[in-house]
Amino acid sequence: MKMGRILLACLLLASILTACGNNGENAGKVKLEFFQNKPEAKGSFDKLVAKFNASHPGIQVTQVNPPDAETVLKTRVVKNDIPDVIGMGATDTYSILAQSDIFADLTQSKLVESIDPNYIKMLKDVTGLSKITGIPYATNANGIMYNKDIFKKLGLSVPKTWDELIATAQKVKDSGIIPFYFTYKDDWQTNLPFNALAPNLVGIDFFKQRRENQVIFQEKFREVAEKQLKLLDYGHGDNFGKTYADGNRAFARGESAMYIQGSWAIPEIRKSNPNANIGFFPFPTGNDPDKNKLISGVDTLLTISESTKHKKEAEEFIAFLLEPDNIGQYIKEQTAFSAVKGVTQDDPAVAELQPYFKAGRVVDFADHYIPAAVQLNSIVQGFLQNRNIDAYLKTLDTEWDKVQSRK
């Protein structure tokens, strides 16, 4: 019995010493929670977090990436449990949270100095605030992917105007190939043409004026609606029965000549076909090519909680992520674009977009300016099914006004 008690005491002592050793390893470290909303970016950020932790022994960053991250974040805000550093898109959710003053004011921060001013302006326009509460990090693009092999086979050139786009689609259709592979079973996919047409044909200022009840959809959006419907003439037999995942696989297999999509789909397409010969051009929405702009928005911005006790360390972490080698690694893995000046995306699939970035011919996504409560996705999906333009535009105005009246 005595020997048993001695053995038990030794085991307990060993356990205590081990625990102390583990605690000692992190003793004195500043601990930061990095909460970000993109599941597909978790692996890329894991690598960068590990690299930061290894080179900053006094700071321990932990990434948190839950399912349905925006809902989780809003719940945590209500509970006053706000992460130290947050990565999210420049969406209506970001706008609402920024207006609630939960993010630190970074207007005078050195972090801003390396960022392309176009994307700083986008954040100010989305929030309606003059101060800077987020640092744009990675950006994306919305346009039209095309199968270079099919275009070469049919003797097609990249269209620069709306009329050329429709003529190209007709030639593809006449050849027996699907012009556009639509994936409208997922309602968010129906917004891709809307996001290109609205900013180019109507202008992004429309949405700022709509907030002030100076304009309405019924007066300005008929051409947008007509062109949304026209595209459906060049889809396939089951436009509302295919999902985003279906479309990525089909386009990878060469089942359509074109695919109205975002740059975020390129890694998914390559999973199905690493050798897919992809090209990507800006959506030509009108007939003056000089007026056409590339749709590009802030896919990930980085904010610091106003309530964090470790603002200095949080800024140090963001500064690390902004370093050219680190943001370069991220955009390469994610086939994204950099908001940091001088850091470019070299993937040949998006080479045709680069002149637009260099010239600053970019404009934000329309749906970044539309309140989430309007439920734009389902409205657009319903319109494309029933094809009633008057009802569609009236619904957009009615739902927007309902949201405004609740503020």
Side-chain angles (χ1 to χ4, degrees), residues 32-49 61-100 102-103 123 126-127 133-140 142 183-192 194-195 242-248 261-265 267-268 271 297-308 321 330 333-336 364-382 399 402-403 406:
L32 292 178
E33 180 186 358
F34 172 45
F35 182 107
Q36 69 90 15
N37 71 328
K38 289 176 65 67
E40 61 270 31
K42 183 179 184 301
S44 294
F45 277 126
D46 275 342
K47 296 175 190 175
L48 292 171
V49 167
V61 175
T62 301
Q63 179 184 182
V64 174
N65 177 232
D68 197 10
E70 285 197 0
T71 300
V72 172
L73 179 60
K74 286 185 279 190
T75 301
R76 289 186 57 176
V77 167
V78 171
K79 295 179 179 179
N80 199 28
D81 177 28
I82 304 169
D84 302 289
V85 179
I86 300 168
M88 64 188 304
T91 62
D92 180 62
T93 298
Y94 165 68
S95 176
I96 291 170
L97 295 178
Q99 292 170 38
S100 301
I102 71 161
F103 301 135
L123 294 197
V126 165
T127 63
T133 58
I135 304 298
Y137 185 62
T139 69
N140 53 25
N142 175 14
T183 54
Y184 289 171
K185 185 173 183 179
D186 289 331
D187 62 2
W188 68 276
Q189 287 280 290
T190 67
N191 267 342
L192 295 173
F194 178 91
N195 275 327
K242 301 297 184 182
T243 66
Y244 169 61
D246 293 330
N248 292 337
Q261 197 52 262
S263 53
W264 53 80
E268 298 303 311
K271 286 178 183 177
V298 179
D299 190 45
T300 298
L301 59 87
L302 302 168
T303 72
I304 298 174
S305 166
E306 175 64 28
S307 60
T308 183
L321 293 178
Y330 179 88
E333 293 178 0
Q334 295 295 312
T335 320
D364 202 359
F365 287 69
D367 62 1
H368 286 180
Y369 294 78
I370 298 177
V374 170
Q375 297 186 347
L376 178 67
N377 294 347
S378 60
I379 291 174
V380 173
Q381 186 187 54
E399 293 305 310
K402 285 179 183 177
V403 173
R406 291 198 290 266

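This is a predicted model, so every value here is computed, not measured.
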(Q) side chain to side chain contact (heavy atoms under 4.5 Å, CB included), that's the test. Do Ile82 and Asn80 meet it? Break it down for me. (A) CA-CA 6 Å; Ile82 304 169; Asn80 199 28; 4.2 Å; yes
With sequence neighbours excluded, tell me which residues meet side chain to side chain contact (heavy atoms under 4.5 Å, CB included) with [X].
{"X": "Ala336", "answer": "Ala138, Ile331, Gln334"}
{"X": "Asp299", "answer": "Lys38, Asn140"}
{"X": "Thr62", "answer": "none"}
{"X": "Asp367", "answer": "Asn191, Asn195, Phe365, Leu376"}

Q: In sequence, state the C-alpha distance, the side-chain angles, and the governing distance for Lys74 and Ile96, and then conclude on side chain to side chain contact (heavy atoms under 4.5 Å, CB included).
A: CA-CA 10 Å; Lys74 286 185 279 190; Ile96 291 170; over 6 Å; no
Measure across [X] and [Y] and return the closest heavy-atom pair with its distance rounded to 0.1 Å.
{"X": "Met88", "Y": "Asn37", "answer": "CA-OD1, 3.5 Å"}
{"X": "Pro67", "Y": "Val72", "answer": "O-CG2, 3.6 Å"}
{"X": "Ala265", "Y": "Asn248", "answer": "CB-OD1, 3.7 Å"}
{"X": "Thr183", "Y": "Gly247", "answer": "CG2-CA, 3.4 Å"}
{"X": "Leu302", "Y": "Gly87", "answer": "CD2-CA, 4.1 Å"}
{"X": "Thr190", "Y": "Gln381", "answer": "OG1-N, 3.6 Å"}

N/O donor-acceptor pair under 3.5 Å between [X] side chain and [Y] backbone:
{"X": "Asp186", "Y": "Thr243", "answer": "no"}
{"X": "Ser100", "Y": "Ile102", "answer": "no"}
{"X": "Glu268", "Y": "Ala245", "answer": "no"}

Suppose we screen for side-chain hydrogen bond (donor to acceptor under 3.5 Å, both in side chains). Which residues come up paired with [X], at least two apart in sequence or across chains?
{"X": "Ser378", "answer": "none"}
{"X": "Lys42", "answer": "Asp46"}
{"X": "Thr335", "answer": "none"}

Counting C-beta onward and ignoring hydrogens, is there a side-chain heavy-atom pair between [X] and [Y] closer than 4.5 Å?
{"X": "Leu192", "Y": "Asn142", "result": "yes"}
{"X": "Ile370", "Y": "Phe194", "result": "yes"}
{"X": "Tyr369", "Y": "Ser95", "result": "no"}
{"X": "Asp246", "Y": "Lys185", "result": "no"}
{"X": "Gln36", "Y": "Gln63", "result": "yes"}

Q) Got a sec, which residues hit salt bridge (Lys or Arg N to Asp or Glu O under 4.0 Å) with Glu306, two or more places apart in sequence or on another chain? A) none
Q: Taking salt bridge (Lys or Arg N to Asp or Glu O under 4.0 Å) as the test, write out the residues that go with Lys47, two or more places apart.
A: Glu333
(Q) Per the salt bridge (Lys or Arg N to Asp or Glu O under 4.0 Å) rule, what does the pair list look like for residues 77-93, sequence neighbours excluded? (A)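 Only Arg76-Asp81 qualify under salt bridge (Lys or Arg N to Asp or Glu O under 4.0 Å).
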Q | Partner set under ring-ring contact (aromatic ring centres under 6.0 Å, His included) for Tyr184, not counting sequence neighbours | A | Phe182, Phe240
Q | Those residues that, when tested against Tyr330, pass ring-ring contact (aromatic ring centres under 6.0 Å, His included) (two or more places apart) | A |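 Testing Tyr330 for ring-ring contact (aromatic ring centres under 6.0 Å, His included), a comparison that skips the adjacent residues, returns Phe45, Tyr137.
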